[in-house]
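Here the structure is laid out as structure tokens; the discussion comes afterwards.
What you are looking at is a predicted structure, and each value in this text was computed from that prediction instead of being measured. Here is the naming used below: chain letters follow the sequence lines, and residue numbers restart at 1 for every chain.
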2 protein chains.
Amino acid sequence: MPPRTSSPMPSSKPTPVTMDAVYTAPGYLFRRMQQIAVALFIEECRAFDLTPVQYAALVTISTHPGIDATRLSAVIAFDRSTLGNVIERLQAKEFIARKPSPEDKRVKLLYLTKAGASVLNEIMPAVDKAQARMLQPLKPADRKTLLSLLTQLVDLNNEASRVPLRAEDALEHLGRSG
Amino acid sequence: MPPRTSSPMPSSKPTPVTMDAVYTAPGYLFRRMQQIAVALFIEECRAFDLTPVQYAALVTISTHPGIDATRLSAVIAFDRSTLGNVIERLQAKEFIARKPSPEDKRVKLLYLTKAGASVLNEIMPAVDKAQARMLQPLKPADRKTLLSLLTQLVDLNNEASRVPLRAEDALEHLGRSG
DNA sequence: GCCATATTGTCAGTATACTGTCAATTAAAT
DNA sequence: ATTTAATTGACAGTATACTGACAATATGGC
């Protein structure tokens, strides 16, 4: 961040504020891009009644059948409290089913239903289209650069959020069956 | 987006899904960075009782005294409905005041209070620190590149969100006094 | 085996976001 | 001038997010 003033001397006068304090802040730009990304996802996937978060949860349950809510939250780095409601909605739509774990009475295991597997398969092209659209305005080389820097940044800042991502391999040694 | 399969022939078989369908999607990465950006902002600004959105609103009211809620929403590209609650909270904290417009009985004009101007002045260093922290893990040259690409992308996708940004100059010719 | 500790799912409370709607008011059309 | 359009702020409803708490259950140290 460049300094907001170029005063050569320290001063107690109020700093003059400009809109640059908003527009050039990376946090503001990330917020805008998130809004845009969600809007494009919803637009492309209107026919499927799935939000971006619900899609991510569905993909993860598909690749990790029998995962529980806490581990699901770690694999996609979504808040555990938030995920409770997401799971409820996916269950209400009958895209997933929950079964109590025989090993741990606290845990409820998550599985895709036929309808869930079906909608996941069908929504893929629309999701890809939305993801492509949000980078479309950039030149192909710039898209690659941005995606690379973004991936690095998310990874390097992993511990900064409440729910850091703990990918599959990081979960294996925590597993009840491993 | 790379194709999810490398099948040489069209097929009706279900596509094998991997976590890449989540992890490599730009929309997912933007969501993560937004989470991280908010977490860092809240952490650095804990002493000031201001959220990122409230901060952006306060900056804008500071640079546009007497702006109304609808124009405020256009200048920072936040949803009008959402902004109503944000304004209420800023008013409850006595950081802003609302006065009815003498020219238009529908409109309520927004002004910073002394306390609002004061908190805005005091929070600046913490905000700058948070913004710097989220890019810190990258090399300086990469930070510049990312910020540049991100700025371009937000600008070029401006119309994709519900509330496109209409900056100050775009508002002037809509103004009641212009 | 018992007790302190940790984990799981859940819940209440707050704060963004978006959709759609509405009454009051203003501006535009004719 | 009167009907029509658009605008403004507000509201209800849904969906993320995070904080902090809680009961039920598991696990570890001893």
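- Among D/dC11, C/dT16, D/dT25, the nucleotide with an atom closest to any side-chain atom of A/Asp104 is D/dT25.
- One interatomic measurement links the two molecules: CZ of A/Phe41 to C1' of D/dA15, which rounds to 13 Å at whole-angstrom precision.
- For the pair A/Glu88 CD and C/dG9 P, the computed distance is 13 Å after rounding to whole Å.
- With hydrogens and angles left out, the side-chain atoms of A/Arg32 and A/Gln35 include a donor and acceptor closer than 3.5 Å.
- At D/dC18, none of the side-chain N or O atoms of B/Arg46 fall inside 4.0 Å of OP1 or OP2 (strictly under the cut-off).
- One atom, OH of B/Tyr55, and another, P of C/dT16, lie 15 Å apart when rounded to the nearest Å.
- A salt bridge links B/Lys93 with B/Asp49: at least one charged nitrogen is closer than 4.0 Å to a carboxylate oxygen.
- The CZ atom of A/Arg71 sits 13 Å away from the C1' atom of C/dT7 (whole-angstrom rounding).
- Residues B/Gly84 and B/Gln34 both approach DNA chain D. Their nearest nucleotides, taken by heavy-atom distance, put B/Gly84 toward the 5′ side.
- Nucleic acid contact for B/Val38: none, since no nucleic acid atom lies under 4.0 Å from a heavy atom of the residue.
- The side chain of A/Val107 lies closest to C/dT8 when the candidates are C/dC11, D/dC18, C/dT8.
- Counting only heavy atoms from C-beta on, B/Arg80 has its side chain closest to D/dT8 among D/dA26, C/dT16, D/dT8.
- For A/Ser81, taking side-chain heavy atoms from C-beta onward, the closest of the listed nucleotides C/dA12, C/dT16, D/dT16 is C/dA12.
- If you measure from atom CD of A/Glu43 to atom P of C/dC18, you get 14 Å, rounded to the nearest angstrom.
- Comparing A/Lys93 and B/Ile36 by the nucleotide of DNA chain D that holds the closest heavy atom to each, the one mapping nearer the 5' end is A/Lys93.
- In D/dA5 the base sits syn relative to the sugar, since the glycosidic angle is no further than 90° from 0.
- Look at C/dT26: it lacks any Watson-Crick or wobble partner with both distances under 3.5 angstrom.
- When the side-chain nitrogen and oxygen atoms of B/Lys105 are compared with OP1 and OP2 of D/dG9, none of them lie within a distance under 4.0 Å.
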Stepwise side-chain contact (heavy atoms from CB on, under 4.5 Å) check, B/Leu83 with B/Val86: CA-CA 5 Å; B/Leu83 215 50; B/Val86 176; 4.2 Å; yes
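- For A/Asp79 and C/dT16, the CG to P distance is 16 Å, given to the nearest whole Å.
- Across all strands, B/Thr82 comes closer than 4.0 Å to base atoms (heavy-atom distances).
- Close to D/dT16, at under 4.0 Å from its OP1 or OP2, lies a side-chain N or O of A/Gln54.
- Taking a 6.0 Å sphere around CD of A/Glu94, one finds it holds 12 or fewer heavy atoms contributed by other residues, nucleotides or ligands.
- Base pairing analysis places C/dC18 opposite D/dG13; the two distances defining the Watson-Crick or G-U wobble pair are each below 3.5 Å.
- Atoms CD1 and OG1, from B/Ile87 and B/Thr82 in turn, are 11.0 Å apart once rounded to the nearest 0.5 Å.
- Taking 4.0 angstrom as the limit, A/Arg89 places none of its side-chain polar atoms (N or O) nearer than this to OP1 or OP2 of D/dT14.
- Of the candidates D/dT25, C/dT25, D/dG9, the closest approach to any side-chain atom of B/Arg106 belongs to C/dT25.
- Summarising the geometry, the separation between CD1 on A/Ile67 and C1' on C/dT8 is reported as 14 Å, rounded to the nearest angstrom.
- When rounded to the nearest whole Å, the span between CG of B/Leu83 and P of D/dC11 equals 15 Å.
- Taken from CD1 in B/Ile67 to CG in B/Leu110, the straight-line distance is 7.5 Å, to the nearest 0.5 Å.
- When each of A/Lys108 and A/Gln35 is assigned the nucleotide of DNA chain C with its nearest heavy atom, A/Lys108 is the one assigned upstream, toward the 5' end.
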Chi angles and distances behind the side-chain contact (heavy atoms from CB on, under 4.5 Å) call for A/Asp79, A/Ser73: CA-CA 6 Å; A/Asp79 192 86; A/Ser73 99; over 6 Å; no
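- Between A/Thr51 and D/dT16 there is a side-chain polar atom (N or O) within less than 4.0 angstrom of OP1 or OP2.
- Residue A/Ala69 is the one, among A/Ala69 and B/Asn85, whose nearest nucleotide of DNA chain C lies closer to the 5' end (criterion: closest heavy atom).
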